[in-house]
Amino acid sequence: MTTQKQIRIIDDEENLRHMLGVMLTRQGYRTDTAADGLEGLRLVAEQVYDFILCDIRMPEMDGKAFLARALEGHVASPVIMMSAYGTVDTAVECLKMGAYDFISKPFKKDEIVMVLKKAEERERLREENSRLREAVAGRNAFCGIISRNSAMEEIFGQIRKVCDLKTTVLILGESGTGKELVARAIHDNGSRSNRPFVAVNCGAIPENLLESELFGHVRGAFTDAAGDKTGLFEQADGGTLFLDEIGEMPLALQVKLLRVLQEEEIRPVGAAASRKINVRVLSATSRDLDADVRSGRFREDLFFRLNVFFIQLPPLRERIDDIPLLAEHFMAKYSRAMQRPPARITPDAMRFLMAYAWPGNIRELENVIERGLILCEGDVISGQCLPGGLRGAAGVQTPLPDEDLSIKKAEDAMERELIRKALARTGGNRTQAAKILEISHRSLLYKLKEFGID
Ligand SMILES: Nc1ncnc2c1ncn2[C@@H]1O[C@H](COP(=O)(O)OP(=O)(O)OP(=O)(O)O)[C@@H](O)[C@H]1O
Ligand SMILES: [Mg+2]
């Protein structure tokens with residue numbers, strides 16, 4: 001089925017409007033007309049046209065002013081300028097501003113049809129491209145989790161294995177690595193997917209309210225308890241409860257949670273009896289729970305109960321291969337949201353993105369791309385559109401000396417710099433630093449001693 005393409009013709013000459021209308025209708029287009037830029041602007045804001053044909057010289061609002069306002073107002077339709085003798089320079093300016101094409105008046109029937117056909121073909125290709133792009137992204141994604149990194153693919157496998165079970169799963173990873181996304185993927189792929197997924201951030205609810213938030217309360221349980229309240233466990237009945245930032249749960253409540261998980265029943269605050277529940281519990285934290293257990297901040301028995309199955313998400317700096325894919329994905333997402341054609345990331349900008357350590361992980365990358373799209377000119381994100389701190393990361397290089405040409409000394413200086421960076425990136429963790437540097441832990445220790453770094 002081919003749908004009729006719609007064209008808005010804006011021209012002050014009535015004859016020309018009429019002639020174009022008749023001609024294009026015969027070619028199978030649907031046309032509407034407007035007599036000047038102002039009227040045109042009002043009409044194109046109300047309806048999306050496949051193309052807008054706009055004269056340059058008009059009273060009221062001329063073609064260039066119309067174009068400027070249309071682009072400003074995010075009118076999505078491509079605008080083709082019609083320039084009469086003497087307005088070619090303006091037409092070129094319009095092209096630079098963002099007009100799609102231009103055609104010189106007077107034109108023959110074939111010419112205008114050709115320009116339109118060419119424009120249609122270009123639009124079709126552009127749509128196909130973005131569809132292709134999405135298909136490629138689809139192959140590298142699992143339930144909205146974009147990745148082609150092998151460690152992540154292993155995690156996709158773990159999700160598939162565990163999703164249908166009732167086993168509690170503990171999701172670990174630095175901030176912004178996608179823990180919540182994984183929790184949703186487990187729910188959405190499992191047999192409980194048609195039941196509720198309820199998420200609660202244990203760190204965001206005041207300690208004294210968390211218990212009644214989770215388990216509910218009965219009327220009169222405390223001063224403000226004017227009526228019964230259903231807790232989140234009951235709201236998630238049959239489905240999944242996601243306890244985010246579990247490491248923030250107060251100790252007193254940890255005991256109660258453990259009992260709920262073992263007995264599979266809850267007791268609302270102030271209630272005399274317990275109620276059976278059927279809830280699958282997932283939890284997540286960016287804290288080092290092992291350390292919290294050792295320091296007594298987190299109960300060991302609860303830790304073991306939650307940790308029956310755990311998924312450890314790698315930080316973004318350990319899956320650099322995902323950076324271009326994710327950057328493309330967020331670019332497409334935000335271009336679409338801003339109703340702009342998909343932008344392109346220049347190779348130099350991509351180098352910066354790949355060299356940066358991403359302490360805020362994927363969330364930070366997402367924010368950088370969104371910001372870059374706002375700042376960038378046209379549809380290209382260059383290094384200039386990236387935050388300064390990010391550009392610095394790749395830029396610092398040990399300058400080559402002019403005087404002393406000893407290779408040994410230059411190598412030492414470079415090694416020292418790389419080790420310093422690796423340690424900074426891992427927060428001083430030597431095992432991880434050695435991994436990034438691709439040397440053994442022992443040779444790292446040796447080099448640290450040699451260079452006197454501590
Ligand atoms: N692999 C991915 N593909 C696409 N988007 C992702 C991916 N990982 C994370 N995101 C996006 O990054 C953002 C952060 O993810 P999410 O909230 O799941 O992280 P988190 O680990 O729960 O972070 P925090 O510890 O700060 O709560 C979200 O907008 C999410 O959609
Ligand atoms: Mg989260």
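Just so you know, ligand 1 is whichever comes first in the structure, and atom 1 is the first atom listed for that ligand.
Applying the salt bridge (Lys or Arg N to Asp or Glu O under 4.0 Å) test to Glu120 and every residue at least two apart in sequence or in another chain returns nothing. Partners of Arg297 by salt bridge (Lys or Arg N to Asp or Glu O under 4.0 Å), not counting sequence neighbours, listed by chain and number: Asp292.
His441 contributes no side-chain N or O that, together with a main-chain N or O of Lys435, makes up a donor-acceptor pair within less than 3.5 Å.
With respect to atom 20 (P) of ligand 1, the closest heavy atom belonging to the protein is Lys179 N, 3.5 Å. The protein heavy atom nearest to atom 23 (O) of ligand 1 is Gly176 N, 2.9 Å.
Annotation: cation-pi pair Arg317/Tyr356 absent, no NZ/CZ under 6.0 Å from the ring centroid and within 45° of its normal.
An N or O contact shorter than 3.5 Å links Ile146 to ligand 1 by distance. Residue contacts with ligand 1: Ser147 is placed with no nitrogen or oxygen under 3.5 Å of a nitrogen or oxygen of the ligand (distance criterion only). Inclusion of Arg319 in the set of residues having an N or O under 3.5 Å from an N or O of ligand 1 is not warranted. For ligand 1, the polar-atom distance check finds an N/O of Glu366 within less than 3.5 Å of one of the ligand's N/O atoms. Some N or O of Glu180 is nearer than 3.5 Å to an N or O of ligand 1, by distance alone. The shortest N or O to N or O distance between Arg363 and ligand 1 is below 3.5 Å. For Phe330, no nitrogen or oxygen atom sits less than 3.5 Å from a nitrogen or oxygen atom of ligand 1, counting backbone and side chain alike. In terms of N/O distances under 3.5 Å, ligand 1 is not approached by Ile362.
Pairing each heavy atom of Ala183 with each of Phe197, the nearest pair is O-CE1, 3.7 Å. Contact detail for Ile145 and Phe156: the closest heavy-atom pair is O-CZ, 3.6 Å.
Against a heavy-atom cut-off of under 4.0 Å, Ile145 is close to the following atoms of ligand 1: 1 (N), 3 (N). Counting the atoms of ligand 1 from 1 in the order shown, those under 4.0 Å from a heavy atom of Gly178 are 8 (N), 9 (C), 15 (O), 16 (P), 18 (O), 19 (O), 20 (P), 21 (O). Listed by atom number, the atoms of ligand 1 under 4.0 Å from Gly144 heavy atoms are 3 (N), 4 (C). Taking every heavy atom of Leu326 and a limit of under 4.0 angstrom, the matching atoms of ligand 1 come to 2 (C), 3 (N), 4 (C).
Summarising the contacts of atom 7 (C) of ligand 1 with Asn361, Leu181, Asp244, the nearest heavy atom is found in Leu181.
At a 4.0 Å heavy-atom cut-off, ligand 1 does not touch Phe242 at all. Counting heavy atoms closer than 4.0 Å to ligand 1, residue Leu313 contributes nothing at all.
Contact between Ala183 and ligand 1 is absent, with no heavy atom of the residue lying under 4.0 Å from the ligand.
Considering Gln6, Arg8, Lys5 as possible partners of Tyr49, the one that fulfils the side-chain hydrogen bond (donor to acceptor under 3.5 Å, both in side chains) test is Arg8.
Looking only at atom types and distance, the side chain of Asp322 has no donor-acceptor partner in the side chain of Asn149 under 3.5 Å away. Remark: the Asn278 side chain and the Arg192 side chain contain an N/O donor-acceptor pair separated by less than 3.5 Å. Residues Asp348 and Thr346 bring a donor and an acceptor atom of their side chains to less than 3.5 Å of each other.
Of the charged side-chain nitrogens involved, at least one lies within less than 4.0 Å of a carboxylate oxygen, so that Lys118 and Asp101 count as a salt-bridged pair.
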